[in-house]
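As structure tokens, the structure follows; a few thoughts come after it.
Remember, it's a predicted structure, so these values are computed and weren't measured experimentally.
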Amino acid sequence: MIVEADGGSRGNPGPAGYGAVVRDKLTGETLAERKGFLGVATNNVAEYQGLIAGLRAARELNAETVDVRMDSKLVVEQMAGRWKIKHSSMQPLAREAQELARTFQKITYEWIPRERNRQADRLANEAMDGETKVDESKEGDKQPHWSGATGDPTRFILLRHGQTKLSVERRYSGRGDHPLTELGLEQAAKAAQRLSKVDDIAAIISSPLRRTVQTAQKLGEATGLDVVTHQGLIETDFGTWEGLTFAEAAKQDPEVHRRWLGDTSVRPPEGESFDEVNARVRKARSEIIAKFGGQTLVLVSHVTPIKTLLRQALDVGPQFLFRMHLDLTGVSIAEFYPDGHASVKLVNDTSHLG
């Protein structure tokens, strides 16, 4: 498939919008169009948002190979790896586009003159003219956030599951499907009571494991919302360390365990590295925002995916994973803006358990 994308800003920065088109490479038939208003943003931010929207649309159409064509020399050269991405506002957008790009078997980037990118340019201008809304669902033309962020954020209320037998014994609990204890069910009920007072929750999205689904169902019962699951929110696969304590894993595989504690690319035996979790969670984040952009969501998950989302919002290095503690049913909040900015509003609040 071919993805043509564009973005623009009337003022740079100014009112900004993006447009994207997905075509069949053989017939030239238009398979999908995307457009969105971003509020106040720069040309480059809008162009990256156009690319991201086009790649998401191509993935929804199950594309395997993609030829990206844009009249932005900057975005094409940066995505092709020939130019460095120096501006801080571009880096998170480029990472999101790169994560999407890795979901295809093959992707190429080509610069084209503006006259060959008319359809995407038209869509971007329609967005700026007010014929669409933020993330295709929200009112646009918002004033910039104090941090410079623009548009309506997608608000993630991040809830860790309640107590299980393995959490009591401080054992590695990854893909093992353990239920909540009686105390865990009480913790989940207290968290549900607290979060049910949030009146604009659009969806409850859970890891598919039993301990998170049970926690999410308590909130579903309190709010009347259905619980949906997303595989990308599942806990790290600890491989052969599943069910072991820290000391037992260190004794079983001393060298690998030592390296794993300081290197996020190292996998537990037969398991998953934190780098792999980061890529998986970033993809899940993109998919969730594509569906629920600009709304408030409760994501019920595990320690590593929640830490990873907070790390992505803060745009910090992997050492964050080893220095952050999350309690059972701890609540954190991160907001992701359509222009690539993000903001962490709360971390590990357990006041509902007091």
Side-chain angles (χ1 to χ4, degrees), residues 3 5-7 9 15-22 32-41 45-61 89 92-97 99-100 103 120 123-124 126-128 130-145 147-158 198-206 225-226 228-230 232-233 281-301 305 309-310 312-313 315 333-345:
V3 170
D6 198 11
S9 170
Y18 64 81
V21 183
V22 181
E33 290 186 341
R34 297 288 186 271
K35 59 184 177 180
F37 185 74
L38 297 171
V40 177
V45 164
E47 288 163 345
Y48 261 110
Q49 290 289 4
L51 171 61
I52 290 167
L55 293 178
R56 285 176 180 164
R59 188 178 60 194
E60 291 167 6
L61 293 166
S89 67
L93 292 171
R95 282 196 294 271
E96 184 171 358
E99 293 291 346
L100 286 165
T103 65
L123 292 168
E126 287 178 0
M128 285 183 280
E131 294 183 21
T132 188
K133 299 174 182 180
V134 177
D135 283 348
E136 303 179 26
S137 64
K138 288 287 185 180
E139 292 294 337
D141 205 16
K142 303 291 185 183
Q143 292 299 312
H145 188 261
S147 66
T150 57
D152 289 329
T154 305
R155 187 184 191 206
F156 287 173
I157 300 177
L158 306 169
V198 179
D199 59 10
D200 60 346
I201 296 173
I204 303 169
I205 307 170
S206 173
L225 292 170
D226 291 332
V228 297
T229 61
H230 195 298
L233 298 178
V281 170
R282 188 178 293 277
K283 179 181 177 183
R285 190 188 96 202
S286 296
E287 292 171 351
I288 291 168
I289 291 176
K291 186 172 182 179
F292 298 101
Q295 301 184 77
T296 295
L297 313 170
V298 176
L299 273 54
V300 186
S301 189
L309 284 164
L310 293 171
Q312 291 173 1
D315 194 23
I333 299 176
E335 295 181 343
F336 294 90
Y337 287 78
D339 65 358
H341 282 78
S343 178
V344 173
K345 297 292 186 69

Applying side chain to side chain donor-acceptor pair (under 3.5 Å), name anything that partners Thr296, two or more places apart in sequence or on another chain.
Asp200

So do Val198 and Val298 actually touch side chain to side chain, heavy atoms under 4.5 Å?
no

Could you state the interatomic distance from NE2 (His230) to NZ (Lys283), rounded to the nearest 0.5 Å?
8.0 Å

So which heavy atom on Ala20 is nearest to which on Leu123, and how close?
O-CD1, 3.5 Å

Positive for side chain to side chain contact (heavy atoms under 4.5 Å, CB included) with Val281, one of Ser301, Pro305, Ser286
Pro305

So CZ of Arg56 and CD of Glu287: to nearest 0.5 Å the spacing works out to 9.5 Å

Counterpart residues, side chain to side chain donor-acceptor pair (under 3.5 Å), relative to Glu47 (two or more places apart):
Ser72

Got a sec, which residues hit side chain to side chain donor-acceptor pair (under 3.5 Å) with Glu99, two or more places apart in sequence or on another chain?
Arg102

Taking the side chain as every heavy atom from C-beta outward, state whether Glu33 and Glu126 have any atom pair closer than 4.5 Å.
no

Contact summary for Ala57 and Val22, nearest pair of heavy atoms
CB-CG2, 3.7 Å

List the atom of Lys35, the atom of Ala127, and the distance in Å for their closest heavy-atom pair.
CB-CB, 4.5 Å

Find the distance between CZ (Arg155) and CG (Leu299) and round it off to the nearest 0.5 Å.
13.0 Å

So do Phe156 and Ile289 actually touch side chain to side chain, heavy atoms under 4.5 Å?
yes

Less than 4.0 angstrom from a charged side-chain N to a carboxylate O is my criterion; do Lys291 and Glu60 meet it?
no

For the student: nearest non-hydrogen atoms of Gln312 and Phe336, plus distance:
C-CE2, 4.4 Å

Closest heavy-atom pair, Tyr18 versus Ala53, reported as atoms and distance to 0.1 Å, is CE1-CB, 3.6 Å

Which heavy atom of Pro15 sits nearest a heavy atom of Met128, and at what distance?
O-SD, 3.5 Å

Sidechain-backbone polar pair: Ser9 side chain, Ala41 backbone, donor-acceptor under 3.5 Å
yes

Begin from the C-alpha positions of Ile288 and Thr154 and carry the test side-chain contact (heavy atoms from CB on, under 4.5 Å) through to its verdict.
CA-CA 9 Å; Ile288 291 168; Thr154 305; 5.6 Å; no

What distance separates Ile205 CD1 from Asp226 CG, expressed to the nearest 0.5 Å?
12.5 Å

To the nearest 0.5 Å, what is the distance between CG on Leu297 and CG on Leu158?
10.0 Å

Quick check for you: to the nearest 0.5 Å, what is the distance between Arg59 atom CZ and Leu100 atom CG?
5.0 Å

